[in-house]
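Okay, so here's the structure we're looking at.
Just so it is clear, the model here is predicted, and its values are computed rather than measured. Hydrogens, waters and symmetry mates are skipped; everything else that's a heavy atom, side chains included, is used. Below, chain A is the first sequence line, B the second, and so on; all start at residue 1.
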Amino acid sequence: MDFYQRAGIVCGAIPRGTVASYGQIALLCGKPKNARQVGYALNKGRLGEEVPAHRVVNSRGLLSGAAAFDTFDMQKNLLAGEGVEVLWTREGWQVDRKRYGWKHTMQDAEKFRALFEELGI
DNA sequence: GTGATGACATTGA
DNA sequence: ATCAATGCCATCA
């Protein structure tokens with residue numbers, strides 16, 4: 001499904017040291033309602049090894065916790081390695097989206113849209 | 001085809 | 001702020 005190709009591209013475009021939400025990815029893929037599919041795609045490794053799946057969190061900045069990584073705290077460690085603060089809260093491992101959230105611009109969205117059209121996906 | 005599942009999001013109490 | 005209820009939609013069984 002082309003949605004997964006798009007998701008792969010968008011995830012790969014998340015800047016180092018920032019995180020993006022599932023909904024944000026879905027939105028940039030042109031499918032605002034496919035947040036769940038983004039998670040599904042990342043889980044099965046459908047997007048390939050080189051895709052930085054650890055930079056994707058939910059709308060509240062919470063890490064998945066799912067063992068899609070080798071160890072449970074792998075995602076946290078990868079983020080910490082990029083300078084992202086990951087805090088242990090009542091909810092779980094969490095990052096401050098105000099500070100580390102990817103603030104994509106309108107131009108970014110347009111760029112992706114154009115790219116997808118060009119690739120026909 | 002039908003129904004359950006899920007790394008989600010939003011809304012309303 | 002917190003929690004429950006809904007909506008969502010591509011996979012799978």
Side-chain angles (χ1 to χ4, degrees):
Chain A
M1 176 124 271
D2 62 320
F3 175 74
Y4 291 135
Q5 296 182 44
R6 293 186 175 195
I9 292 171
V10 175
C11 287
I14 303 172
R16 242 181 78 89
T18 71
V19 297
S21 73
Y22 299 92
Q24 198 172 5
I25 303 296
L27 180 69
L28 289 174
C29 284
K31 310 236 177 211
K33 303 183 179 168
N34 283 31
R36 301 186 83 144
Q37 283 63 241
V38 173
Y40 189 87
L42 294 171
N43 188 11
K44 302 286 181 176
R46 288 163 186 275
L47 305 187
E49 288 293 330
E50 61 279 9
V51 175
H54 59 280
R55 296 187 191 135
V56 186
V57 299
N58 74 11
S59 66
R60 296 179 350 227
L62 241 97
L63 275 58
S64 64
F69 299 91
D70 291 349
T71 65
F72 177 79
D73 49 359
M74 162 101 86
Q75 184 173 14
K76 166 179 81 68
N77 293 148
L78 286 170
L79 287 172
E82 298 184 343
V84 177
E85 276 188 83
V86 186
L87 316 170
W88 179 253
T89 69
R90 186 171 56 77
E91 304 269 6
W93 287 108
Q94 188 171 206
V95 307
D96 184 355
R97 294 218 331 119
K98 291 289 190 204
R99 300 210 296 164
Y100 301 104
W102 178 28
K103 296 171 277 294
H104 75 273
T105 63
M106 244 352 211
Q107 288 87 335
D108 291 324
E110 171 56 25
K111 205 173 61 177
F112 284 124
R113 195 201 59 71
L115 177 61
F116 297 149
E117 178 163 353
E118 175 185 331
L119 297 177
I121 61 177

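Per the geometry, CZ belonging to A/Arg36 stands 9 Å off C1' belonging to C/dC9, to the nearest Å. To the nearest angstrom, C1' of B/dA7 lies 17 Å from CZ of A/Arg55. Remark: C1' of C/dA10 and CD of A/Gln5 are 15 Å apart, rounded to the nearest angstrom. When rounded to the nearest whole Å, the span between CG of A/Asp70 and C1' of B/dA7 equals 15 Å. As a whole-Å value, the separation of A/Asn34 CG from C/dC8 P is 12 Å. In this entry the distance linking CZ of A/Phe3 with P of C/dA10 reads 9 Å, nearest Å. One can place CD of A/Glu91 at 9 Å from C1' of C/dT2, the figure rounded to the nearest angstrom. Taking atom CG of A/Asn58 as the reference point, atom P of B/dA7 lies 12 Å away to the nearest angstrom.
Considering all non-hydrogen atoms of both residues, A/Gln94 and A/Arg60 come closest at OE1-O, 2.8 Å. Here the closest non-hydrogen pair linking A/Ala20 and A/Ile14 is CB-CD1, 3.8 Å.
For the C1' atom pair drawn from B/dG1 and C/dC12, the interatomic distance equals 13 Å after rounding to whole Å. With both ends at atom C1', the span from C/dG7 to B/dG6 equals 14 Å, rounded to whole Å.
At distances below 3.5 Å, at least one donor-acceptor pair connects side-chain atoms of A/Arg6 with backbone N or O atoms of A/Ile121.
None of A/Val38, A/Ile9, A/Leu47 except one satisfies the side-chain contact (heavy atoms from CB on, under 4.5 Å) rule with A/Tyr4; the exception is A/Leu47. No option in A/Asp2, A/Asn34, A/Val10 other than A/Val10 meets the side-chain contact (heavy atoms from CB on, under 4.5 Å) test with A/Cys29. Evaluated for a side-chain contact (heavy atoms from CB on, under 4.5 Å) with A/Val56, the options A/Val51, A/Leu42, A/Leu63 yield exactly one hit, A/Leu42.
At the heavy-atom level, A/Ala53 lies under 4.0 Å from base atoms of the strands shown.
The A/Lys33 side chain lies nearest to C/dC9 when the options are B/dA9, B/dA7, C/dC9. Checked against C/dC9, B/dA9, C/dA10, the side chain of A/Tyr4 finds its nearest nucleotide in C/dA10. Comparing C/dT11, B/dC8, B/dA7 by their nearest atom to the side chain of A/Arg46 picks out C/dT11. Set against B/dC8, C/dT2, B/dA7, the side chain of A/Leu42 has B/dA7 as its closest nucleotide.
At the phosphate of B/dA9, OP1 or OP2 sits under 4.0 Å from a side-chain N or O atom of A/Ser59. Between B/dC8 and A/Tyr40, no contact under 4.0 Å exists linking OP1 or OP2 to a side-chain N or O. Proximity of A/Arg60 to the phosphate of B/dC8: no side-chain N or O atom is located under 4.0 Å from OP1 or OP2.
Summary of the strand contacts: A/Gln37 and A/Val57 both lie near DNA chain B, and taking for each the nucleotide with the nearest heavy atom, the more 5' one is attributed to A/Gln37.
Sorted by residue number, the members of residues 14-32 of chain A with any non-hydrogen atom under 4.0 Å from DNA chain B read A/Ser21, A/Tyr22, A/Gly23.
With a 4.5 Å cut-off on side-chain heavy atoms, A/Tyr100 and A/Val57 do not count as touching. Using a 4.5 Å heavy-atom cutoff, the side chains of A/Phe116 and A/Gln5 are not in contact.
Nucleotide C/dA1 has no partner under the Watson-Crick or G-U criteria, as no pair reaches both atom distances under 3.5 Å.
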